[in-house]
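First up is the structure itself, then whatever we jot down about it.
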Amino acid sequence: MYGSLDISVSGMIAQRVRHETAAANIAGKDAYLDSSGVNPYRARRALFAVGDPSAKTVAGRQLGVHVAEIQIDQNAVRWKYDPSNPHAEKSGPRMGHILVPDINDVVEKTNSMEAQRAYEANIVAAEATKSMMAQALRLLA
């Protein structure tokens, strides 16, 4: 029974990270400068893997899901024509263009909503497990 709770909790943690990643992408969609100059924000993706390495038992480490890594998409940039921008290219074939993040609001909001729904589904599963455990304890008493 506790394995079911561990699975739901690991799913909630993973989906929370996925939601935070989508929120960070939305927040950084207009950021093209950092402390070193023009360096656009790159979209992040939470990659999941089977198992829960933080579980205390061997069996527990084989159940659930965890975030294996937060991958940065180095190709998630595009050239935008903005000749009035002081950081725009001054010469060459890209004159008047600036490198900006290539982040699609619709995709990120969809990812966020999917993560929220999956998080809620894990809450429902955890509540059902708790209810079954309570029923089992009542039968024993």
Side-chain angles (χ1 to χ4, degrees), residues 1-140:
M1 277 284 190
Y2 289 114
S4 299
L5 276 176
D6 291 339
I7 292 168
S8 295
V9 169
S10 72
M12 285 188 276
I13 292 168
Q15 294 301 335
R16 185 195 70 217
V17 171
R18 181 178 173 208
H19 178 73
E20 289 171 350
T21 303
N25 289 341
I26 292 169
K29 73 181 179 78
D30 294 322
Y32 63 89
L33 292 175
D34 67 6
S35 60
S36 64
V38 176
N39 184 19
Y41 177 86
R42 285 357 189 240
R44 272 86 169 144
R45 299 283 173 246
L47 301 179
F48 295 170
V50 176
D52 183 4
S54 66
K56 293 176 179 40
T57 65
V58 174
R61 285 190 283 277
Q62 297 172 350
L63 301 172
V65 66
H66 71 280
V67 176
E69 76 175 291
I70 306 284
Q71 188 178 57
I72 299 174
D73 185 359
Q74 295 297 334
N75 297 322
V77 292
R78 64 183 170 82
W79 289 98
K80 176 182 174 185
Y81 185 68
D82 187 2
S84 64
N85 190 311
H87 299 99
E89 295 287 316
K90 304 291 185 229
S91 63
R94 299 267 186 210
M95 188 169 88
H97 288 79
I98 185 155
L99 203 56
V100 296
D102 189 17
I103 295 174
N104 186 331
D105 266 349
V106 175
V107 170
E108 297 306 328
K109 289 177 183 175
T110 302
N111 283 338
S112 179
M113 285 179 10
E114 285 178 358
Q116 182 179 355
R117 300 269 166 84
Y119 185 93
E120 290 168 355
N122 279 301
I123 289 174
V124 170
E127 290 294 329
T129 301
K130 283 174 39 182
S131 176
M132 286 187 284
M133 291 169 74
Q135 284 286 32
L137 287 174
R138 276 191 280 263
L139 291 173
L140 293 174

Check your understanding: Would Met95 and His97 count as a side-chain contact (heavy atoms from CB on, under 4.5 Å) if you check the C-alpha gap in whole Å, the side-chain angles of each, and the deciding distance to 0.1 Å?
Key -> CA-CA 6 Å; Met95 188 169 88; His97 288 79; 6.0 Å; no
Point to revise | Pairs touching residues 26-37 that satisfy salt bridge (Lys or Arg N to Asp or Glu O under 4.0 Å), sequence neighbours left out | key: Lys29-Asp105
Review point. Is Thr21 reaching over with its side chain to a backbone N or O of Val17, donor-acceptor style, under 3.5 angstrom?
Key: yes
**Study point:** Ala115 backbone acceptor or donor facing Arg117 side chain under 3.5 Å
**Key:** no
Review point. Got a second to check how far Glu114's CD is from His19's NE2, nearest 0.5 Å?
Key: 13.0 Å
Review point. How many angstroms lie between CG in Leu63 and CG in Leu5, if you round to the nearest 0.5 Å?
Key: 12.0 Å
Closest heavy-atom contact between [X] and [Y]?
X      : Y      : result
Asn25  : Arg42  : OD1-O, 4.4 Å
Ala125 : Ser8   : CB-OG, 3.6 Å
Gly51  : His66  : O-ND1, 2.8 Å
Asp52  : Ser10  : OD2-CB, 3.9 Å
Gly28  : Pro101 : O-CG, 3.6 Å
Ala43  : Ile103 : CB-CG1, 4.1 Å

Point to revise | Beyond-backbone contact of Met133 with Leu137, side-chain heavy atoms, under 4.5 angstrom | key: no
Check your understanding: With side chains defined as the heavy atoms from C-beta onward, is the minimum distance between Arg94 and Leu99 less than 4.5 Å?
Key -> no
Name every donor-acceptor pair, under 3.5 Å, that has one atom in a side chain of residues 67-81 and the other anywhere in the protein, sequence neighbours excluded.
from  : atom 1 : to    : atom 2 : distance (Å)
Asp73 : OD1    : Asn75 : N      : 3.1

Point to revise | Ser84 and Asp82: side chain donor to acceptor below 3.5 Å | key: yes
Review point. Applying ring pair (Phe, Tyr, Trp, His ring centres under 6.0 Å), which residue pairs with at least one partner in residues 28-56 are found, sequence neighbours left out?
Key: Tyr32-His87
Among all residues two or more places apart in sequence or in another chain, which pass the salt bridge (Lys or Arg N to Asp or Glu O under 4.0 Å) test with [X]?
X      : value
Glu20  : Arg16
Lys130 : Glu127
Arg61  : none

Point to revise | Evaluation steps, side-chain contact (heavy atoms from CB on, under 4.5 Å), between Ile98 and Asn85 | key: CA-CA 8 Å; Ile98 185 155; Asn85 190 311; 3.7 Å; yes
Review point. Run the side-chain contact (heavy atoms from CB on, under 4.5 Å) check on Val65 and Gln15 step by step: do they pass?
Key: CA-CA 10 Å; Val65 66; Gln15 294 301 335; over 6 Å; no
Review point. Between Glu108, Lys109, Met113, which is the residue that forms a side chain to side chain contact (heavy atoms under 4.5 Å, CB included) with Asn111?
Key: Glu108
